[in-house]
A.B. asks: 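Following this message is one structure expressed as structure tokens.
Chain naming here is simple, since letters A, B, ... match the order of the sequence lines and numbering starts at 1 in each. Note that these values count all heavy atoms, side chains included, but never hydrogens, waters or copies made by symmetry.
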Amino acid sequence: MKALLPDGTELQLDDGATGADAAAAIGAGLARAALAVKVDGQLRDLTAPLHDGATLEILTQKSGEEALELLRHDTAHVLAAAVIDLYPGVKISIGPPIQDGFYYDFEFPPGVTVSDADFARIEAKMKEHIKADEQFAREDVSVGTALERFVREQQPYKVELIEDLVRNAPADDPVETVSLYTNGPFTDLCRGPHGPGTKRIKAFKLQSIAGAYWRGDARRTMLTRIYGTAFFTKEELAAYLERVEEAKKRDHRKLGRELRLFGFSAVAPGSAFWLPRGTQLWNTLVAFTRELNRPRGYDEVKTPQIYDSELWKTSGHWGKYKENMFLTAAEDRDMAVKPMNCPGHCQLFGMQRHSHRELPVRYSEPGLLHRYEPSGTLHGLMRVRHFAQDDAHIFCTEEQVQDEVIGCLDLIFETLGRFGFDIDIELSTRPENRIGSEEMWDRAEAKLADALRHQGLEYRINEGDGAFYGPKIDFHVTDSLGRSWQLGTVQLDYSMPARFGLTYVGADDREHTPVMIHRAAMGSYERFIGMLIEHYAGEFPVWLSPVQAIVLPISDRHVDYAQEVVAALQAAGVRVDVDERTESVGRKIRDAELQKYPYMLILGDREAEGREVAARRHREGDIGSFALTDFVARVAEETATRSA
RNA sequence: GCCCGAAUAGCUCAGCUGGUAGAGCACCUGUCUUGUAAACAGGGGGUCAGGGGUUCGAGUCCCCUUUCGGGCUCCA
């Protein structure tokens, strides 16, 4: 029989030949390096028989992501083998490869807890299995045989997985057999494929331990998840661990403290205390928001913090989010601190009569919000209990929805584009727990999809993740350690205006219910600042930097001129510090570099005489001398145009 | 909220199997008056997160609480 190779050549093989045979026919080196084979684009074990006319690609460690995934999947099985050796009675569930590594979920016997202190012991046992070069042997068995086996071995999770496989199979293609993979003492229900043997695992490391609910369901057992990673070489593993260490240096919680932007206190968990510099950064972003909103027809408004529970019942939040709101009472009235601005904006809209001629009405408000987030979900600035959004609500007619959504997408891109983030877009559709009719959801989801297509944007559908009142488009960005966070959002809402009885008077002189669009570009300022810190590693562009320059007089006799320079910069709106300590210039520069000031201005006799500044750029070093007026103009220009 | 772990000076950390706290940086004072990434000397600063227990004796062992870290669930 024949097989076709990636370079277009044909390979002659005996009937019944396997991927391993094909690799051997090409060359002994490839045979040794082979991990798996891609047959007609499908990854298979090397031992799987080929068919005539198959297109083949031999997977080796040079094959990139797919090869790494295979290796990590192999390593997950070795981890399970080691854990079964060390913890008799352990129950196994699943162990897939993931981004950057793998995990395996276990239920340890009652009373047994495993922590990262046990990693050394588990890793040692894994090494024994790797050294033994145990082969991954695949076996296709009937559902009955597999069930019997896992029942006998008291592995209820595997039994449940098989039962679900059978149950969820389409009627015209029922599941009759399942595949098992055995490496050493361990046999797992597994789709495969796997590499030839455990010895291919040249470098691995267990990384962390975590609880994880069985099947991701908080009502079910919490399993113990062990995370690890694996590479084909020790050098790659070392390089990866080094990258992780480097990424940790960008952590916004660390930089926030070092750069004196914000802090946290146990007296207000999940709520940042903003130091002067952090507050400045915050205000710069709010000013940026206002500047973008103004020409787009937004009007800034202010609404109260605390409302009667009746308002939350009307909006629907009381039913769905009461547990996550800060509740209070005043004169026996149940009140709640606002977790979002929309009901307040509905109240505001309803305070006046509106003609269709006024629409769209666009209210923006950087309002302070409080959400009683579960303690375990808090995370630096990324997930907090007290925050503000660059929030706005648009009330418009059905006909205006398309243009308004497009306008929102445009605004979000202009906002996020300024910072150069890599953005992932998601369209989140109707959730299980929702209000409104199916027709409403059909229409709303279609409108958002249309707007995305109109803008030529790539997006992914996130089934069932919409807000309870409508579908949404979300903008996601990843942090320094690869965790994804939602920033901007556009949400279509056909429910809340009706619940609040909002109307406008149409051209037909009748009352109509407006459509409401909720949108934010940065999301919350807190999270956005957290992302910015990690994105820039604390080295903000000039326009954004809390303090843009620091003046460094060389000796005490230069302090007067330094004050003059400070005054000139401040008069032009430049944010500037001065270091008047009687320290060496080297010392002042070092400290200023560590604080990541974009500009350092060194002032000595030469500068004082010539009305100049000797400028130094963060990271770059000396950039030469400027006439004081020229330098002031430069920074003012960079700030005004946000060009540096 | 759930699982695992952690909490020692402002920060980063040391403190062996229990014998009542230490370093570097930062801070303060003095000397030095400095030309592009760390001058020198001295000094102050800790109810070892909080509470309870075991013990002759607890930073160290046990329990509870709080907060934080890594995940899971959740995220209007």
Side-chain angles (χ1 to χ4, degrees), chain A residues 103 105 107-108 113-118 207-227 248 251 253-254 257-258 260 263-270 312 315-317 319-321 323-325 338-343 369 371-380 382-384 389 431 433-434 465-470 472 474 481 483 485-486 489 491 493 496 518 523-524 527 552-559 581-594 600-607 614-623:
Chain A
Y103 67 78
D105 283 351
E107 184 186 350
F108 286 92
T113 56
V114 175
S115 77
D116 52 10
D118 299 299
Q207 292 174 291
S208 63
I209 212 142
Y213 297 108
W214 168 235
R215 308 221 116 171
D217 185 340
R219 289 164 303 190
R220 306 201 61 179
T221 316
M222 176 152 280
L223 304 173
T224 301
R225 175 169 297 177
I226 300 178
Y227 284 96
K248 283 182 185 163
D251 190 311
R253 293 164 295 192
K254 176 174 145 68
R257 187 176 54 238
E258 290 174 359
R260 289 178 266 165
F264 287 92
S265 162
V267 298
W312 306 112
S315 70
H317 290 91
K320 193 162 181 344
Y321 290 111
E323 309 307 316
N324 296 305
M325 289 163 68
K338 69 177 171 185
M340 53 182 349
N341 295 307
C342 21
L369 307 177
R371 296 182 183 177
Y372 193 174
E373 302 284 8
S375 56
T377 64
L378 302 177
H379 182 105
M382 304 301 193
R383 185 84 179 262
V384 286
Q389 297 174 323
N433 196 352
R434 61 178 180 263
D465 212 33
F468 71 92
Y469 49 69
K472 54 185 184 147
D474 291 328
L481 289 174
R483 293 174 288 222
W485 298 93
Q486 182 193 312
T489 183
Q491 309 179 355
D493 184 351
M496 216 179 284
H518 310 238
S524 89
R527 178 177 293 178
L552 309 177
I554 286 176
S555 78
D556 291 352
R557 70 175 178 279
H558 305 117
V559 166
R581 293 177 301 168
T582 55
E583 290 285 355
S584 68
V585 189
R587 175 50 176 272
K588 291 183 182 181
I589 287 171
R590 176 182 155 79
D591 289 346
E593 286 284 353
L594 291 175
M600 286 147 270
L601 304 177
I602 293 93
L603 306 182
D605 294 335
R606 290 200 293 273
E607 289 71 27
R616 180 186 165 99
R617 191 76 166 82
H618 173 64
R619 264 187 186 283
E620 289 170 32
D622 195 345
I623 57 169

A.B. asks: Has A:Arg371 got a side-chain atom pairing as donor or acceptor with A:Pro339's backbone, closer than 3.5 angstrom?
C.D. replies: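 Between the backbone of A:Pro339 and the side chain of A:Arg371 there is a qualifying donor-acceptor contact (under 3.5 Å).
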
A.B. asks: Searching all strands shown, indicate the nucleotide that pairs with B:C56 (Watson-Crick or G-U wobble; both distances under 3.5 Å).
C.D. replies: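 Per the H-bond distance test, B:G19.
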
A.B. asks: When the ring planes of A:Phe468 and A:His317 are compared, do they come out parallel, tilted or perpendicular, using 30° and 60° as the limits?
C.D. replies: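 Ring orientation of A:Phe468 relative to A:His317: perpendicular.
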
A.B. asks: Would you classify A:Val267 as touching base, sugar-phosphate or nothing, given that sugar-phosphate means primed atoms plus P, OP1 and OP2, and contacts are heavy atoms under 4.0 Å?
C.D. replies: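 Touches nothing.
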
A.B. asks: May I ask you to say what A:Tyr469 touches in the nucleic acid, namely base, sugar-phosphate or nothing, with a heavy-atom cut-off under 4.0 Å?
C.D. replies: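 Touches sugar-phosphate only.
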
A.B. asks: Using whole Å, what does the distance between atom P of nucleotide B:C75 and atom NE2 of A:His317 come to?
C.D. replies: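 Value for this atom pair: 13 Å.
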
A.B. asks: Does any nucleotide pair with B:C2 by Watson-Crick or G-U wobble geometry, both distances under 3.5 Å, and what is it?
C.D. replies: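 Base-paired to B:G71.
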
A.B. asks: Whole Å only: how far is the CG atom of A:Asp105 from the C1' atom of B:C4?
C.D. replies: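 Interatomic distance, CG of A:Asp105 to C1' of B:C4: 13 Å.
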
A.B. asks: Under 4.0 Å between any heavy atoms, over every strand shown, what does A:Gly380 touch: base, sugar-phosphate, or nothing? Just pick one.
C.D. replies: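 A:Gly380: backbone/sugar contact only, no base atoms under 4.0 Å.
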
A.B. asks: Please tell me if A:Arg253 has a side-chain N or O lying less than 4.0 Å from either OP1 or OP2 of B:G69.
C.D. replies: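 Yes.
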
A.B. asks: Please work out if A:Gln207 contacts a base, only the sugar-phosphate, or nothing of the nucleic acid, heavy-atom cut-off 4.0 Å.
C.D. replies: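 Nothing, no heavy atom under 4.0 Å.
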
A.B. asks: Under 4.0 Å, counting only non-hydrogen atoms across every strand here, what does A:His379 touch: a base, just sugar-phosphate, or nothing?
C.D. replies: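 Contact class for A:His379: sugar-phosphate only.
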
A.B. asks: From C-beta outward on A:Pro339, which listed nucleotide comes closest to its side chain: B:A37, B:A76, B:C72?
C.D. replies: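 Taking heavy atoms from C-beta onward, the closest nucleotide is B:A76.
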
A.B. asks: Can you tell me how far CD of A:Glu593 sits from CZ of A:Arg617, rounded to the nearest 0.5 angstrom?
C.D. replies: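 Answer rounded to 0.5 Å: 10.5 Å.
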
A.B. asks: Round to a whole Å and report the spacing from CG of A:Leu594 to P of B:U12.
C.D. replies: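 Roughly 15 Å, once rounded to whole Å.
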
A.B. asks: So what does A:Gly316 touch, heavy atoms closer than 4.0 Å: a base, only the sugar-phosphate, or nothing?
C.D. replies: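 The residue A:Gly316 makes no contact with any strand.
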
A.B. asks: Side chain of A:Ser115, heavy atoms from C-beta onward: which of B:U36, B:A76, B:C4 has the nearest atom to it?
C.D. replies: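 That would be B:C4.
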
A.B. asks: Reckon A:Lys254 touches a base, only the sugar-phosphate, or nothing at all at heavy-atom distances under 4.0 Å?
C.D. replies: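 Answer is nothing: A:Lys254 stays at 4.0 Å or more from every strand.
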
A.B. asks: Answer with base, sugar-phosphate or nothing: what part of the nucleic acid does A:Gly586 contact at a heavy-atom distance below 4.0 Å?
C.D. replies: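 Counting heavy atoms under 4.0 Å across all strands, the contact made by A:Gly586 is with sugar-phosphate only.
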
A.B. asks: Say whether, by atom type as modelled, one donor and one acceptor occur between the side chain of A:Arg527 and the main chain of A:Ser524 under 3.5 angstrom.
C.D. replies: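 No, because the side chain of A:Arg527 does not come within donor-acceptor range (under 3.5 Å) of the backbone of A:Ser524.
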
A.B. asks: What does A:Tyr227 touch in the nucleic acid at a heavy-atom separation under 4.0 angstrom: a base, only the sugar-phosphate, or nothing?
C.D. replies: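 Here A:Tyr227 touches the backbone only, sparing every base.
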
A.B. asks: Counting side-chain heavy atoms from CB outward, which of B:U34, B:C72, B:A37 is closest to A:Arg225?
C.D. replies: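 My answer, after comparing the listed nucleotides, is B:C72.
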
A.B. asks: Strictly distance-based, threshold 3.5 Å: is any side-chain N or O of A:Lys588 a donor or acceptor partner for the main-chain N or O of A:Pro553?
C.D. replies: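 Such a contact is found between A:Lys588 side chain and A:Pro553 backbone.
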
A.B. asks: Taking the side chain of A:Tyr213 as its heavy atoms from C-beta onward, which of B:C2, B:A76, B:C4 lies nearest to it?
C.D. replies: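 Ranking B:C2, B:A76, B:C4 by closest atom to the A:Tyr213 side chain puts B:C2 first.
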
A.B. asks: In Watson-Crick or G-U wobble terms, both distances under 3.5 Å, what is the partner of B:A39?
C.D. replies: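 In the structure as shown, B:A39 has B:U31 as its Watson-Crick or wobble partner.
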
A.B. asks: Touch check for A:Ala614, heavy atoms < 4.0 angstrom, all strands: base, sugar-phosphate only, or nothing?
C.D. replies: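 The residue A:Ala614 makes base contact.
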
A.B. asks: Using the C1' atoms only, state how far B:A21 lies from B:C63, rounded to an integer number of Å.
C.D. replies: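 Approximately 25 Å lies between the C1' atom of B:C63 and that of B:A21.
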
A.B. asks: Please report the distance, rounded to the nearest Å, between CZ in A:Arg581 and P in B:U33.
C.D. replies: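 Rounded to whole Å, this separation is 18 Å.
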
A.B. asks: When the P atoms of B:A49 and B:G15 are compared, how many Å lie between them, rounded to an integer?
C.D. replies: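 After rounding to an integer number of Å, I get 15 Å for this pair.
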
A.B. asks: B:A39 P sits how many Å from A:Asp556 CG, rounded?
C.D. replies: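 Rounding to the nearest Å, CG of A:Asp556 and P of B:A39 are 15 Å apart.
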
A.B. asks: Please determine if a side-chain N or O atom of A:Ser584 lies less than 4.0 Å away from the OP1 or OP2 oxygen of B:A39.
C.D. replies: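 It does, given that an N or O in the side chain of A:Ser584 lies less than 4.0 Å from OP1 or OP2 of B:A39.
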
A.B. asks: Classify the nucleic acid contact of A:Asp605 as base, sugar-phosphate or nothing, counting any heavy atom under 4.0 Å across all strands shown.
C.D. replies: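 Touches a base.
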
A.B. asks: Which base, if any, makes a Watson-Crick or G-U wobble pair with B:G24, both distances under 3.5 Å?
C.D. replies: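 Here B:G24 is engaged in a pair, and the nucleotide opposite it is B:C11.
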
A.B. asks: Between B:C72, B:U34, B:C68, which one does the side chain of A:Leu378 approach most closely?
C.D. replies: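 The listed nucleotide nearest to A:Leu378's side chain is B:C68.
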
A.B. asks: Across the strands shown, which category fits A:Arg483 at heavy-atom distances under 4.0 angstrom: base, sugar-phosphate, nothing?
C.D. replies: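 Touches sugar-phosphate only.
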
A.B. asks: Distance check needed: B:G71 P versus A:Leu223 CG, whole Å only.
C.D. replies: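 Value for this atom pair: 18 Å.
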
A.B. asks: Under the 3.5 Å rule, do the base of B:U33 and the side chain of A:Arg557 count as making a donor-acceptor pair?
C.D. replies: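 Such a pair does not exist between side chain and base.
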
A.B. asks: Record whether the side chain of A:Arg619 comes under 3.5 Å of the base of B:A37 through a donor-acceptor pair of N or O atoms.
C.D. replies: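 Flag unset: no donor-acceptor pair detected.
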
A.B. asks: Please classify the nucleic acid contact of A:Arg257 as base, sugar-phosphate, or nothing, using heavy-atom distances under 4.0 Å.
C.D. replies: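 The answer is sugar-phosphate, as A:Arg257 gets under 4.0 Å only of primed atoms, P, OP1 or OP2.
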
A.B. asks: Between B:C4, B:G35, B:U73, spot the one nearest the side chain of A:Ile209, thanks.
C.D. replies: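 For A:Ile209, the side-chain atoms sit closest to B:C4.
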
A.B. asks: Mind checking A:Asp217 for me? I need base, sugar-phosphate or nothing, with any heavy atom below 4.0 Å counting as a touch.
C.D. replies: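 Nothing, no nucleic acid heavy atom in range.
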
A.B. asks: Once rounded to the nearest 0.5 Å, what's the spacing between atom CD1 of A:Ile589 and atom CD1 of A:Ile602?
C.D. replies: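 Here the interatomic distance stands at 4.0 Å.
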
A.B. asks: When the distance from CH2 of A:Trp214 to C1' of B:C2 is rounded to whole Å, what number comes out?
C.D. replies: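 Those two atoms, CH2 and C1', are 18 Å apart.
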
A.B. asks: Taking atom types as they are modelled, is there a donor-acceptor pair under 3.5 Å from the base of B:C75 to the side chain of A:Arg383?
C.D. replies: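 Looking at the base of B:C75, it does pair with a donor or acceptor on the side chain of A:Arg383 (distance under 3.5 Å).
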
A.B. asks: How far does the C1' atom of B:U17 sit from the matching atom of B:C4, given to the nearest Å?
C.D. replies: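 To the nearest whole Å, 26 Å.
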
A.B. asks: With hydrogens left out and only the distance checked, is there a donor-acceptor pair under 3.5 Å joining A:Glu607's side chain and the base of B:G35?
C.D. replies: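 Indeed there is one.
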
A.B. asks: State whether A:Asp474 and A:Lys472 are salt-bridged, where the test is any N-O pair (Lys NZ or Arg NE/NH1/NH2 against Asp/Glu carboxylate O) under 4.0 Å.
C.D. replies: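 Judged by the 4.0 Å cut-off on N to carboxylate O distance, A:Asp474 and A:Lys472 do form a salt bridge.
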
A.B. asks: Taking N and O atoms by type only, does the side chain of A:Thr582 place a donor or acceptor under 3.5 Å from a partner on the base of B:C32?
C.D. replies: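 By the distance-only test, yes, there is a pair.
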
A.B. asks: Pairing check on B:G46: which nucleotide meets the Watson-Crick or G-U wobble criteria with it, both distances under 3.5 Å?
C.D. replies: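 WC or wobble partner does not exist here.
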
A.B. asks: Look at the side chain of A:Arg587 against the base of B:A38 and say whether a donor-acceptor pair falls under 3.5 Å; ignore hydrogens and angles.
C.D. replies: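 Such a pair does not exist between side chain and base.
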
